[in-house]
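Note sheet for the following structure.
Note: hydrogens, waters and symmetry copies are ignored here, and every other heavy atom, side chains too, is used.
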Amino acid sequence: MTSHELMTETNHYLIKGGKLSDEQRGNTVSLLLSARNTSGIRFSSIPKSDKRRLYPLFYIPPQNDGKKLKTILGQTPKTQILSANMYELEILRLLHILAPDNRETIDMIEETLQRLKTTCFGYMDDGVGECFDTSLVVLRFIAAAAQGEKAWIKSRIDNFHRHCEDKKRPWYSLWYYWLCLSELPKELASAEVQGYRDEMRKCYTKNRSPHPLCPYILQNILLKYPEYF
């Protein structure tokens with residue numbers, strides 16, 4: 001199993017309510033750590049004049065005849081901006097959840113948080129192309145790995161609302177945003193869930209699911225916010 005497959009399958013398992021045993025946690029962490037790029041440059045060593053780092057430092061997607069890695073909802077990115085950042089941030093998010101005290105995990109996340117604050121999709125007003133989708137991946141990552149950065153988290157929520165209707169978008173963006181809402185602290189997500197409750201209710205009652213993971217996203221929101229449904 002590749003690190004991308006492991007990351008995807010672990011995400012699906014956890015979103016569906018699965019619980020990893022200590023052995024499974026250890027094996028998953030070991031395999032993901034073994035896939036990291038050990039020859040990459042550290043963010044802290046990059047000259048300040050060249051610190052706009054749009055691409056990963058620790059998890060570099062394998063070169064696969066130019067094919068982009070799919071997101072956990074099955075979206076095939078058109079750009080490496082989305083594909084590469086999704087790959088690194090989803091892996092680092094899992095490592096933070098499964099091994100929060102691991103020194104290597106802590107160091108990689110600290111460096112990555114610094115990197116993301118230099119990017120348009122991670123820290124600025126940006127709805128251009130797949131930077132919009134990448135901003136959502138950043139939202140999910142920082143909601144787990146930087147929970148105290150509430151202003152930053154809110155900025156990615158605001159970025160979604162500023163640009164979600166800039167053009168017709170495929171279903172992936174909205175459902176990934178709902179995934180983020182299912183995981184965000186109530187203080188940040190409650191009003192958002194309330195605003196989408198009618199649309200969510202229709203999807204839930206009519207079983208309108210573009211991906212097998214979607215019913216579980218709705219179920220997790222329903223369990224967390226029963227007062228809205």
Side-chain angles (χ1 to χ4, degrees), residues 1-40 54-100 102 104-109 111-112 115-116 121-122 130-131 133-145 170-180 182-183 209-220:
M1 182 183 295
T2 68
S3 54
H4 175 257
E5 291 169 340
L6 177 61
M7 175 273 289
T8 302
E9 290 191 14
T10 303
N11 261 294
H12 287 188
Y13 183 70
L14 294 176
I15 292 168
K16 291 177 180 180
K19 306 293 183 183
L20 297 177
S21 67
D22 290 343
E23 182 180 3
Q24 288 174 316
R25 291 170 72 97
N27 289 339
T28 300
V29 169
S30 294
L31 288 168
L32 291 178
L33 285 176
S34 69
R36 69 194 184 283
N37 174 32
T38 56
S39 62
L54 300 179
Y55 295 97
L57 299 170
F58 303 107
Y59 286 91
I60 315 300
Q63 298 300 314
N64 188 19
D65 299 326
K67 294 181 180 178
K68 310 296 191 300
L69 297 175
K70 291 185 178 182
T71 69
I72 62 173
L73 290 182
Q75 179 181 5
T76 301
K78 297 177 181 178
T79 65
Q80 284 294 354
I81 285 285
L82 175 55
S83 181
N85 280 284
M86 174 278 303
Y87 178 64
E88 177 170 79
L89 297 182
E90 295 284 17
I91 288 177
L92 289 177
R93 179 183 175 277
L94 284 178
L95 286 173
H96 172 76
I97 291 171
L98 300 177
N102 180 279
E104 292 171 285
T105 296
I106 292 170
D107 288 345
M108 287 190 292
I109 287 176
E111 296 265 342
T112 299
R115 176 180 77 82
L116 291 174
F121 55 79
E130 289 189 331
C131 283
D133 302 89
T134 310
S135 179
L136 291 176
V137 179
V138 173
L139 170 60
R140 187 173 190 232
F141 171 68
I142 62 177
W171 63 266
Y172 304 103
S173 300
L174 180 61
W175 280 91
Y176 193 91
Y177 182 61
W178 287 357
L179 172 62
C180 292
S182 74
E183 298 166 343
S209 303
H211 186 276
L213 202 63
C214 293
Y216 294 95
I217 294 173
L218 290 177
Q219 178 178 288
N220 292 339

Give me the atom names and distance for the closest heavy-atom approach of Leu20 to Arg25.
CB-CG, 3.6 Å

Say whether Asp133 and Ser173, considering side chains only, have a donor N or O and an acceptor N or O under 3.5 Å apart.
yes

With Tyr172, which residues qualify under side chain to side chain contact (heavy atoms under 4.5 Å, CB included), at least two apart?
Leu73, Gln75, Pro170

Could you check if a side-chain atom of Leu95 sits within less than 4.5 angstrom of a side-chain atom of Asn102, using non-hydrogen atoms only?
no

For Thr105 and His96, work out which heavy atoms get closest and say how close.
CG2-N, 3.9 Å

Take the angle between the ring planes of His4 and Tyr87 and call it parallel below 30°, perpendicular above 60°, tilted in between.
tilted

Taking the side chain as every heavy atom from C-beta outward, state whether Tyr59 and Glu90 have any atom pair closer than 4.5 Å.
no

Can you name the nearest heavy-atom pair linking Leu54 to Phe121, along with the distance?
O-CZ, 3.5 Å

Which atom names give the shortest non-hydrogen contact between Ser3 and Ala35, and what distance separates them?
CB-CB, 3.7 Å

Where do Pro77 and Leu69 come nearest, in terms of heavy atoms and distance?
CD-O, 3.1 Å

So do Thr112 and Leu57 actually touch side chain to side chain, heavy atoms under 4.5 Å?
no

Hey, is CD on Glu5 packed in by over 12 heavy atoms from elsewhere, all under 6.0 Å?
yes

Is a side-chain N or O of Tyr177 found less than 3.5 angstrom from the main chain of Leu136, in a donor-acceptor match?
no

Please enumerate all residues that pass side chain to side chain donor-acceptor pair (under 3.5 Å) together with Thr76, with sequence neighbours excluded.
none

Nearest heavy-atom neighbours spanning Ile15 and Ile217:
CG2-CG1, 4.4 Å

Under 3.5 Å, is there a donor-acceptor pair between the side chain of Glu130 and the main chain of Thr79?
yes

Ignoring hydrogens and geometry, is there a side-chain-to-backbone donor-acceptor pair from Arg140 to Val137 under 3.5 Å?
no

Mind checking whether His12 and His211 have parallel, tilted or perpendicular rings, split at 30° and 60°?
perpendicular

Can you list the steps and then say if Arg93 with Glu88 is a salt bridge (charged side-chain N to carboxylate O under 4.0 Å, His left out)?
CA-CA 9 Å; Arg93 179 183 175 277; Glu88 177 170 79; over 6 Å; no

Would you tell me whether Ser182 and Tyr216 have side-chain atoms, one donor and one acceptor, within less than 3.5 Å of each other?
no

